[in-house]
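Naming convention: chains lettered A, B, ... in sequence-line order (proteins, then strands); numbering from 1 in each chain.
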There are 2 protein chains.
Amino acid sequence: MIKVLLYEDNPQLREGLTMLIDGSEGFNVLGAFKNCSNIAFEVSSYKPDVILMDIDMPGVNGLEGLRIVRQQNTDVSILMLTVFDDNKNIFEALQNGANGYILKKTPPAKLLEYIQEAATGGAPMTASVAAQVLKMFSQINIPAGNDYNLSEREKQVLQLLVKGYSYKMIAAEMFIAMDTVRSHIKKIYEKLHVNSKSEAVAKAFRDRIV
Amino acid sequence: MIKVLLYEDNPQLREGLTMLIDGSEGFNVLGAFKNCSNIAFEVSSYKPDVILMDIDMPGVNGLEGLRIVRQQNTDVSILMLTVFDDNKNIFEALQNGANGYILKKTPPAKLLEYIQEAATGGAPMTASVAAQVLKMFSQINIPAGNDYNLSEREKQVLQLLVKGYSYKMIAAEMFIAMDTVRSHIKKIYEKLHVNSKSEAVAKAFRDRIV
DNA sequence: TTCAAATACCCCCATTTATGTGATTGAATA
DNA sequence: TATTCAATCACATAAATGGGGGTATTTGAA
């Protein structure tokens with residue numbers, strides 16, 4: 001029996017979803033609420049397996065609700081449920097540990113399937129949402145194979161720069177003279193086309209050299 | 001009619017998949033190859049809608065094949081097909097613009113459904129893969145709402161530090177004295193618990209303050 | 001064999017940072 | 001009203017950095 005909590009401000013939809021889910025074999029709706037203002041309490045007392053969470057709700061909305069729950073409970077599966085598949089909300093929800101992201105236009109049968117999937121550790125997503133998620137991945141892309149031809153040693157130095165080490169500390173860490181560190185760093189700056197530690201660090205992050 | 005190219009080193013599986021897909025209504029397998037050594041040519045001559053790509057292949061493997069295709073063609077949908085849902089390959093594939101990631105144990109009917117989904121711009125993923133993708137998202141997470149209580153002004157300064165600006169340049173940019181920049185930076189260091197520019201920059205990236 | 005790259009080291013010196021110890025103003029708030 | 005705090009500026013000084021010159025050894029590829 002999958003125990004479900006439901007957060008949805010629209011009374012019709014809330015009723016409808018409750019009926020659908022609670023009326024289905026193997027599902028049990030423990031409660032349905034119009035916003036997340038008491039979600040911390042509700043989750044800890046009802047102990048649901050899955051939370052169906054609308055994003056746009058007056059009062060405490062779904063994203064805030066998500067955060068609140070995730071601050072204390074990493075166990076329950078949270079399925080975001082919205083009308084729009086807009087990039088910003090998707091990203092924010094997933095960043096905050098949502099387990100899935102599905103659109104309200106999802107047909108009932110599919111919805112139940114999704115809940116089931118979420119309950120068993122899956123990550124159900126509407127196709128259009130999944131596509132956007134993947135796009136985000138490729139956007140934060142590595143300029144393929146672009147490590148700027150840094151030599152092994154230079155990469156090591158850059159790693160340590162990123163850790164905030166000073167020249168002196170790097171020298172100690174690598175058992176080489178500080179002057180050697182300097183010449184490595186000069187070479188790194190050349191290759192990365194930068195001329196300061198902070199730029200090098202920034203570039204290392206941006207281009208995932210680290 | 002969905003035009004499919006297939007890359008799979010195992011002869012049995014290659015045959016089997018070809019039969020399955022080509023034998024199904026609405027699908028057409030244009031070709032099936034045992035590795036990606038000629039993929040650039042094959043893709044440009046066959047112009048498939050979907051590529052089914054095994055990852056582990058001798059010679060030019062699936063990830064390399066993916067990269068090769070994406071270097072010239074952003075249009076075709078590429079579905080990665082593997083035995084294991086190991087984190088590293090998933091991440092790498094998605095980074096390089098794969099459109100989906102499904103396991104070989106996927107039942108035939110589901111497989112066809114996935115190909116269809118990929119062809120129409122979706123991003124089919126096996127549930128376990130989707131779950132891992134989401135986990136990656138929340139791993140690269142912001143310590144929720146944690147901007148270390150930087151004031152507006154301090155954030156601005158940090159932004160410029162990240163851009164590699166020197167104190168002097170920041171002062172000029174913000175129309176304030178260098179000493180003021182200094183005191184802002186001191187405050188920033190305090191709040192971030194660091195004591196150098198490069199550490200601050202690294203932290204800014206890690207915690208997405210920028 | 002020759003040559004380029006990578007590695008390691010050295011010196012000099014101007015500039016930049018990091019740190020410390022102040023002060024003043026104005027806005028918010030208790 | 002008193003107090004706090006962000007934001008601004010000032011002066012001093014030691015340490016670290018960046019940019020400019022170099023040299024020597026090793027290693028692997030042409």
* Asked: Which pairs pass ring-ring contact (aromatic ring centres under 6.0 Å, His included) with one or both residues in residues 1-21 of chain B, sequence neighbours excluded?
  ->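 Qualifying pairs, neighbours excluded: Y7(B)-F33(B).
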
How many whole angstroms separate atom [atom1] of [X] from atom [atom2] of [N]?
X	N	atom1	atom2	result
K155(A)	dA6(C)	NZ	C1'	13 Å
M178(B)	dT17(C)	CE	C1'	9 Å
D179(B)	dG20(C)	CG	C1'	12 Å
K197(B)	dT19(C)	NZ	C1'	16 Å

* Along DNA chain D, 5' to 3', what are the outermost nucleotides having an atom less than 4.0 Å from a heavy atom of chain A? -> dA16(D) to dG21(D)

* Asked: Would you say a side-chain N or O of K168(B) is under 4.0 Å from OP1 or OP2 of dT16(C)?
  ->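 Yes, because at least one side-chain N or O of K168(B) sits under 4.0 Å from OP1 or OP2 of dT16(C).
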
* Indicate whether OP1 or OP2 belonging to dA8(C) is found under 4.0 Å from a side-chain N or O atom of T180(A). => no

Please list, one pair per line, the donor and acceptor atoms closer than 3.5 Å that link side chains of residues 164-173 of chain B to other protein atoms, with sequence neighbours excluded.
residue	atom	partner	partner atom	Å
S166(B)	OG	K168(B)	N	3.4
S166(B)	OG	M169(B)	N	3.2

* Asked: What are the two closest non-hydrogen atoms of I68(B) and A40(B), and how far apart are they?
  ->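 So the minimum-distance heavy-atom pair works out to CG2-CB, 3.9 Å.
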
* Answer yes or no: does atom NZ of K104(A) have more than 12 heavy-atom neighbours from other residues, nucleotides or ligands under 6.0 Å? =>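 Atom NZ in K104(A) is crowded, with more than 12 foreign heavy atoms closer than 6.0 Å.
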
* To do: For K163(B), look at atom NZ and say whether over 12 heavy atoms of other residues, nucleotides or ligands are found less than 6.0 Å away.
  => no

* **Short side-chain to backbone donor-acceptor contact, N38(B) and F41(B), under 3.5 Å** => no

* To do: Using side chain to side chain donor-acceptor pair (under 3.5 Å) as the criterion, list what pairs up with N195(A), not counting sequence neighbours.
  =>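 Applying side chain to side chain donor-acceptor pair (under 3.5 Å) to N195(A) gives none.
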
* To do: With sequence neighbours left out, write down each residue that passes side chain to side chain contact (heavy atoms under 4.5 Å, CB included) with D49(A), or none if nothing qualifies.
  =>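 Per chain and number, D49(A) pairs via side chain to side chain contact (heavy atoms under 4.5 Å, CB included) with I2(A), K3(A).
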
* **Residues from residues 182-195 of chain A lying under 4.0 Å of DNA chain C - heavy atoms** =>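 Residues of residues 182-195 of chain A that come under 4.0 Å of DNA chain C are, in numerical order, R182(A), S183(A), H184(A), K191(A).
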
